Amino acid sequence: MLKSAYVEEVFTLRAGDRVELLGWVRNVRQHGKLVFLDLRDSTGVVQVTVKTGVADEEAVKTASTLGREASVKVVGRVVEDRRAPGGREILCERLEVVGRAYGEYPIKPGVGPRFLYDNRHLYLRSPKVSAIMKIRSAMVEAARRWFIEHGFTEIHCPTFITAAVEGGATLFEVNYFGRKAYLTQSVQFYQEAAIYGLEKVFSIQPSFRAEKSKTRRHLTEFWHIEAEMAFTELPELLETVEQLISYMVVETVEKRKREFTELGRRFNVEVVEPPFERIKYEEALNILESKGVTISWGEDLGADEERILTEQFDKPFFVTHYPKEAKAFYHMPDPSNPRVTLSADLLAPKGYGEIVGGGQRIHDYKLLIQRIEEENLNPQDYRWYLDLRKYGTIPHSGFGLGVERLLQWILNLRNIRSACLFPRTRQRIYP
RNA sequence: GCCGGGGUAGCUCAGCCUGGUAGAGCAGCGGGCUGUUAACCCGUUGGUCGUCGGUUCGAAGCCGACCCCCGGCGCCA
């Protein structure tokens with residue numbers, strides 16, 4: 001039987017079966033008329049042995065001229081051999097070159113991270129990057145499934161916008177036929193409009209931030225999972241977030257076991273078992289105080305404070321009720337203490353920091369105008385947003401989740417860039 | 001934007017303190033090898049030492065300015 005197969009199948013077929021594999025040559029080891037090829041495809045790597053007596057002279061000759069990453073078609077038999085990695089290899093009978101590798105392949109052992117990002121278009125072929133991308137895909141798929149199963153409608157919002165969601169944040173400016181426009185940093189406002197028809201909505205799309213951040217947690221373009229819910233107040237929002245996060249992580253870990261192993265990463269799913277602890281901003285200050293860090297009330301938690309705080313927890317936890325001066329104007333003031341807002345951030349443990357940010361929105365027209373003016377913003381810029389409060393306003397809440405941040409945490413990635421196919425940072429827009 | 005580290009062969013780096021005319025490993029190329037696992041052995045190509053200026057008989061190394069990269073902070077997901 002001549003059979004077209006994927007590399008992973010080699011390890012489940014019977015010894016002696018003949019297969020036809022298509023893939024790329026990861027490495028070549030030559031011993032005169034015995035040549036070993038490490039053949040890679042999207043499912044794994046297998047050793048192909050090309051030797052005279054099994055393959056013809058021509059195949060051995062061809063094999064010995066192959067460079068790294070040449071694409072080939074191999075026909076051969078699956079054999080058990082203790083000397084082969086994984087205990088199995090392909091004894092090559094026929095070898096065909098699909099595409100040669102011209103010149104030396106730049107990606108090889110010993111190269112540094114910078115070089116790998118300069119050559120990301122090639123490095124993507126590595127099993128490690130493939131594993132991360134498969135995990136990422138599974139994670140986003142799980143999120144989408146969870147939303148759909150819970151009655152949310154997926155909506156797609158514009159990327160070009162005219163005004164900032166949050167006054168101070170830095171936006172990328174684009175020339176929109178002579179008018180000033182910006183790239184979106186959140187679809188929240190559009191989602192707030194959409195809930196009047198759909199009640200529960202979610203979006204999975206990129207957001208852009210022009211902040212000049214130079215850290216391993218920041219991208220200028222990142223994938224943002226956002227949701228907005230009508231008739232929802234803070235406590236229900238927190239439950240939604242913890243259910244979603246838990247589902248996403250557990251599903252991903254269970255469905256992508258092999259990829260986690262490939263990356264040498266284990267994730268204990270008990271860590272994301274709901275409920276997550278909720279602490280108020282004020283309690284966070286007390287915890288910090290007990291660790292010898294004092295910040296004045298009203299100040300936002302800085303990176304150092306966040307790190308110290310997250311080190312006290314093994315599971316993700318919510319920090320709620322931030323002071324209104326630390327949050328954007330649309331956050332709902334707490335009726336029982338108007339100095340604070342019905343806001344919440346979900347912080348990952350052990351220093352990974354903010355994964356989700358959200359809260360209850362102001363739904364009262366007058367209060368919203370008042371808050372816009374207090375922040376020295378112009379209500380004219382928010383006309384349609386204010387309109388939403390004029391016709392049948394309702395309490396509502398929403399949140400945003402950083403896909404790469406969540407991946408960075410569950411995969412323990414040193415740098416957020418490795419969670420992206422082609423990362424975009426302040427310094428990098430190529431390749 | 002502020003602070004710290006860095007830029008030397010295709011890649012990873014040493015040399016810089018103490019100035020004397022550029023090195024290693026890997027990769028490449030040629031040759032050898034029938035059981036390698038990032039194979040090994042022999043041979044070999046390869047450098048505006050980030051840029052500009054200064055000091056000096058002489059600068060990769062000292063001094064000054066600038067450019068670029070990485071990270072920490074601020075800002076945030």
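A note on names: the letters A, B, ... follow the listed sequences, proteins ahead of strands, and every chain is numbered from 1. We use all heavy atoms of the structure for the numbers below, so side chains are in, but hydrogens, waters and symmetry mates are not. Fair warning: this is a prediction, and the values are worked out from it, not measured in the lab.
Nucleotide B:C40 forms a pair with B:G32, judged by Watson-Crick or G-U wobble geometry with both contacts under 3.5 Å. Nucleotide B:G47 has no partner under the Watson-Crick or G-U criteria, as no pair reaches both atom distances under 3.5 Å. Base pairing of B:G10: its partner is B:C26, meeting the Watson-Crick or G-U wobble criterion (both donor-acceptor distances under 3.5 Å). Base pairing of B:C62: its partner is B:G54, meeting the Watson-Crick or G-U wobble criterion (both donor-acceptor distances under 3.5 Å). Figure legend. B:G1 is base-paired to B:C73; pairs are counted as Watson-Crick or G-U wobble with both atom distances under 3.5 Å.
A:Gly53 comes within 4.0 angstrom of nothing in the nucleic acid, heavy atoms only. Contacts of A:Leu401 with the nucleic acid, taken as non-hydrogen atoms under 4.0 Å apart, are absent. Using a 4.0 Å heavy-atom distance criterion, A:Phe36 is classed as a base contact. Contacts of A:Glu89 with the nucleic acid, taken as non-hydrogen atoms under 4.0 Å apart, include base atoms. Using a 4.0 Å heavy-atom cutoff across all strands shown, A:Leu219 reaches at least one base atom of the nucleic acid. Here A:Glu404 lies out of heavy-atom contact (under 4.0 Å) with every strand. Across all strands shown, A:Arg405 has heavy atoms under 4.0 Å from base atoms, whether or not it also approaches the sugar-phosphate. Residue-level contact check: A:Arg216 touches the backbone only, with heavy atoms under 4.0 Å from sugar-phosphate atoms and none from bases. Here A:Asp81 lies in heavy-atom contact (under 4.0 Å) with a base.
Counted by atom type alone, A:Arg83 and A:Gln47 present zero donor-acceptor pairs between their side chains at under 3.5 Å. Side-chain N/O atoms of A:Gln185 and A:Ser207 include no donor and acceptor closer than 3.5 Å.
Distance check on atom P: B:G6 versus B:G53 gives 25 Å, rounded to whole Å. B:C11 and B:C16 have their C1' atoms separated by 22 Å, with the value rounded to a whole Å. If you take atom P in B:C63 and the same atom in B:G71, they sit 27 Å apart, rounded to whole Å. Across the C1' atoms, B:G43 and B:C33 are found 15 Å apart, a figure rounded to whole Å. For the C1' atom pair drawn from B:C52 and B:C57, the interatomic distance equals 23 Å after rounding to whole Å. Between B:C40 and B:U34, the distance separating the two C1' atoms is 14 Å to the nearest Å. Of the P atoms belonging to B:A14 and B:U8, the separation is 10 Å, rounded to the nearest Å. To the nearest whole angstrom, the two C1' atoms, one in B:G72 and one in B:C76, are 16 Å apart.
Contact between the side-chain N/O atoms of A:Asn415 and the OP1/OP2 oxygens of B:G71 is found at a separation under 4.0 Å. In terms of phosphate contacts, A:Arg209 brings no side-chain nitrogen or oxygen within less than 4.0 Å of OP1 or OP2 of B:G74. Side-chain N/O atoms of A:Arg417 include one lying less than 4.0 angstrom from OP1 or OP2 on B:C70. Distances shorter than 4.0 Å separate none of the side-chain N or O atoms of A:Arg426 from OP1 or OP2 on B:C68.
By the rule that a glycosidic angle within 90° of 0 means syn, B:G53 does not qualify and counts as anti.
Atom C1' of nucleotide B:A77 and atom CZ of A:Phe202 are separated by 18 Å, given to the nearest angstrom. At whole-Å resolution of the value, NZ in A:Lys214 and P in B:G74 are 15 Å apart. One interatomic measurement links the two molecules: CZ of A:Arg114 to C1' of B:C13, which rounds to 15 Å at whole-angstrom precision. Atom CZ of A:Arg40 is separated from atom P of B:A38 by 16 Å (rounded to the nearest Å). Regarding A:Ile308, its CD1 atom lies at a distance of 14 Å from the C1' atom of B:G72, rounded to whole Å. Counting to the nearest Å, the C1' atom of B:U36 and the CG atom of A:Leu66 are 16 Å from each other. Atom pair A:Arg414:CZ and B:C70:P shows a separation of 13 Å (rounding to whole Å applied). In this entry the distance linking OH of A:Tyr123 with C1' of B:C11 reads 14 Å, nearest Å.
Ring geometry for A:Tyr322 versus A:Tyr281: interplanar angle of 30 to 60°, hence tilted. Below 30°, between 30° and 60°, or above 60°: for A:Phe329 and A:Phe189 the angle between ring planes is above 60°, a perpendicular geometry.
By the stacking rule of 5.5 Å between ring centres and under 30° between planes, A:Phe222 stacks on the base of B:A77.
Nearest-nucleotide positions on RNA chain B for A:Gln427 and A:Val356 put A:Gln427 closer to the 5' end. RNA chain B is contacted by both A:Thr220 and A:Arg29; A:Arg29 maps to the nucleotide lying nearer its 5′ end (nearest heavy atom per residue).
Residue A:Arg88 forms a salt bridge (Lys or Arg N to Asp or Glu O under 4.0 Å) with just one option from A:Glu8, A:Glu80, A:Glu9, and that option is A:Glu80.
When the nucleotides B:G1, B:U36, B:A77 are ranked by their closest atom to the side chain of A:His31, B:U36 comes out on top. Picking from B:C11, B:A27, B:A77 the nucleotide with the shortest atom distance to the side chain of A:Lys108 gives B:A27. Listed candidates were B:A77, B:G1, B:G35. Nearest to the side chain of A:Glu354 is B:A77.
By the 4.0 Å N-to-carboxylate-O rule, A:Arg136 lies close enough to A:Glu404 to be salt-bridged with it. Residues A:Arg145 and A:Glu141 are paired through a salt bridge, judged by an N-O separation under 4.0 Å between the basic side chain and the carboxylate.
Side-chain N/O atoms of A:Ser213 and base N/O atoms of B:C76 include no donor-acceptor pair closer than 3.5 Å. Side-chain atoms of A:Thr52 and base atoms of B:U34 include a donor and an acceptor less than 3.5 Å apart. For B:G35, the base has a donor-acceptor partner in the side chain of A:Lys51 [N/O atoms by modelled type, under 3.5 angstrom]. Taking 3.5 Å as the limit, the base of B:G1 and the side chain of A:Glu211 contain no donor-acceptor pair of atoms between them. You won't find any donor-acceptor pair under 3.5 Å spanning the side chain of A:Gln30 and the base of B:U36, going by distance alone. At a cut-off of 3.5 angstrom, the base of B:C75 holds at least one donor-acceptor pair with the side chain of A:His218.
Under a cutoff of 6.0 Å and an axis angle of 45°, A:Arg417 and A:Tyr117 form a cation-pi pair.
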Side chain to side chain donor-acceptor pair (under 3.5 Å) for A:Glu192 and A:Tyr385? Distances and angles first, verdict last. CA-CA 8 Å; A:Glu192 284 189 66; A:Tyr385 187 63; 2.5 Å; yes
